[in-house]
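What follows is a set of notes on a single structure, which appears directly below.
Each chain gets a letter, A, B and so on, in the order its sequence line appears, and its residues count up from 1. Everything quoted here is computed from the prediction, not taken from an experiment.
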There are 2 protein chains.
Amino acid sequence: MKKILYIEDEPYLARIVKDTLTLKGYQVLHKKDGSALLDAINSFAPDICLLDVMLPEVDGFTLARHIRNINAGIPIIFLTAKTQTEDLVKGFSAGGTDYLKKPFSMEELIVRIDNQLKIMGKDAGALQTLPDEVALKQFRFYPGRFELHAPAGVIKLSNRESQILAMLCAHLNTPVDRRELLKTVWGDDSFFNSRNLDVYIRKLRGYFTGAEGIEIVTLKGQGYHFVVA
Amino acid sequence: MKKILYIEDEPYLARIVKDTLTLKGYQVLHKKDGSALLDAINSFAPDICLLDVMLPEVDGFTLARHIRNINAGIPIIFLTAKTQTEDLVKGFSAGGTDYLKKPFSMEELIVRIDNQLKIMGKDAGALQTLPDEVALKQFRFYPGRFELHAPAGVIKLSNRESQILAMLCAHLNTPVDRRELLKTVWGDDSFFNSRNLDVYIRKLRGYFTGAEGIEIVTLKGQGYHFVVA
DNA sequence: ATTGATTAACGTTATTTAACGTTTTATGGT
DNA sequence: ACCATAAAACGTTAAATAACGTTAATCAAT
């Protein structure tokens, strides 16, 4: 059964969409806004995301970017009344894979959901996704369970530790912008001058000490680069 | 340049679409119907197909199936006045990857074309790919690990050192423009008057001192030439 | 009370800047 | 052509800066 993460602030519409999709056999998790989004992604592990664009606090485009940061492969459909081409561009460049204009028919939504699941499900090779279990040489990371299985034993990760490690894993062997990390994990980059992130990087490094071929490399002025080779 | 195969029987619309896309830098092959379709696919080798649905002889859905039979990965966008959900379903189950209702704006078409190209992984990434290991005589450079393995031992490279060495390796035994180096590593060439790059070149030269047959040659006014012979 | 998250204070290092030296290339008069 | 001189470009070194690392203390939420 396919799992759908659905973010929409308008209660009446949300109700209709959720009920219809549920009736059609999807498992739907509905949220009114993007708070605790990363937790939802990791624990609920949706197959596809439906995002309203105009939301009270953080808009849907921004949410899409955060989702992309920890999962490069998941389909994201925007549902919005914004019909300007400019918004369409924003949507796709934020990592969206389809864009549906309100008002839409439930039939069309379902068809487009199925289509996205079909085409994104194909060559997962080019599009890296963050699965339930991430193999990191002799380690295993379970993002949804907040657990890092080391040779020595199981390390229970905190929320933040897990989020940051998930982000590093999503960008395995490629750079991650420090700002992106801060924005994705903390919601904004007002912590840019804070040493908070460094503290967590240190903790994560601690878990991997002595592990040959696993390293979190600092790219000064840019971010981090999780090397597993 | 991306190649588009466009099948549309209505001459006026076809003209507008073809001209606009050509102006936008795509290479467009327009056909009035699906005859000799497979030849067109094979010889023209398009990156994406735009198919009208209602065509005189064979309809677009059928054409899509034929295309899918010989190419599982190419994106197919339907352009049609048929707005019934049923047609949408037909389109996607025929192997279509997007479905655009007439009348559509050229802007939206372009955005959706680019999006499909991106999703299907045909997007020309500007990432220069070096192999995991670059052999430089008695040295070995691991760009992904920020490591230079010298006879004396492993040298841990900094971000900048690694970037510059990677760039030199990408142009091994051929010249590299100084400006290009600056732009690639620092994002722009505003450092053109700075001695910053020279400092790093010196560091790299330091790692290779005494190594017979390895040299970073200065091409004054042009750039550098990484000689390994 | 215990755990996780954040802040603060100070240590460390990659990167940049600055100052000056060296080498190559261009220029100009004879 | 010749040489002198200037100009441009790069080399070298050390100091300054900005960015990150580390540790412990504090805060906040069960």
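Using a 4.0 Å cut-off between charged side-chain N and carboxylate O, B:Lys183 and B:Asp177 make no salt bridge. In summary, A:Asp198 and A:Arg202 do not engage in a salt bridge, as defined by a charged side-chain N under 4.0 Å from a carboxylate O. For the pair A:Glu8 and A:Arg15, the salt-bridge criterion is not met [side-chain N within less than 4.0 Å of a carboxylate O].
Of the listed nucleotides (D:dA9, C:dT16, C:dG4), C:dT16 has the atom at the smallest distance from the side chain of B:Trp186. Picking from C:dA14, D:dG11, D:dC20 the nucleotide with the shortest atom distance to the side chain of B:Ser158 gives C:dA14. When the nucleotides C:dT16, C:dT6, D:dG21 are ranked by their closest atom to the side chain of B:Tyr200, C:dT16 comes out on top. The nucleotide whose nearest atom lies closest to any side-chain atom of A:Arg160 is, among D:dT13, C:dA5, D:dA19, C:dA5. Listed nucleotides C:dT7, D:dG11, D:dG21 differ in distance to A:Ser194; the shortest reach to its side chain belongs to C:dT7. Listed nucleotides D:dC10, D:dG11, D:dT12 differ in distance to B:Lys220; the shortest reach to its side chain belongs to D:dC10. When each of C:dA5, C:dT15, C:dT6 is scored by its nearest atom to the side-chain atoms of A:Val199, the top-ranked nucleotide is C:dT6. Nearest nucleotide to the side chain of B:Tyr224, out of D:dC10, D:dT23, D:dT12: D:dC10. Closest approach to the A:Asp198 side chain among D:dC10, C:dT16, D:dT22 is made by D:dT22 (side chain taken as heavy atoms from C-beta onward).
Classified by interplanar angle (parallel below 30°, tilted 30° to 60°, perpendicular above 60°), the ring pair A:Phe92/A:Tyr99 is tilted.
Heavy atoms of B:Lys203 sit under 4.0 angstrom from at least one base atom.
B:Ile216 places its CD1 atom 14 Å from the C1' atom of D:dC10, with the value rounded to the nearest Å. Distance, B:Arg195 CZ to D:dA14 P: 18 Å, rounded to whole Å.
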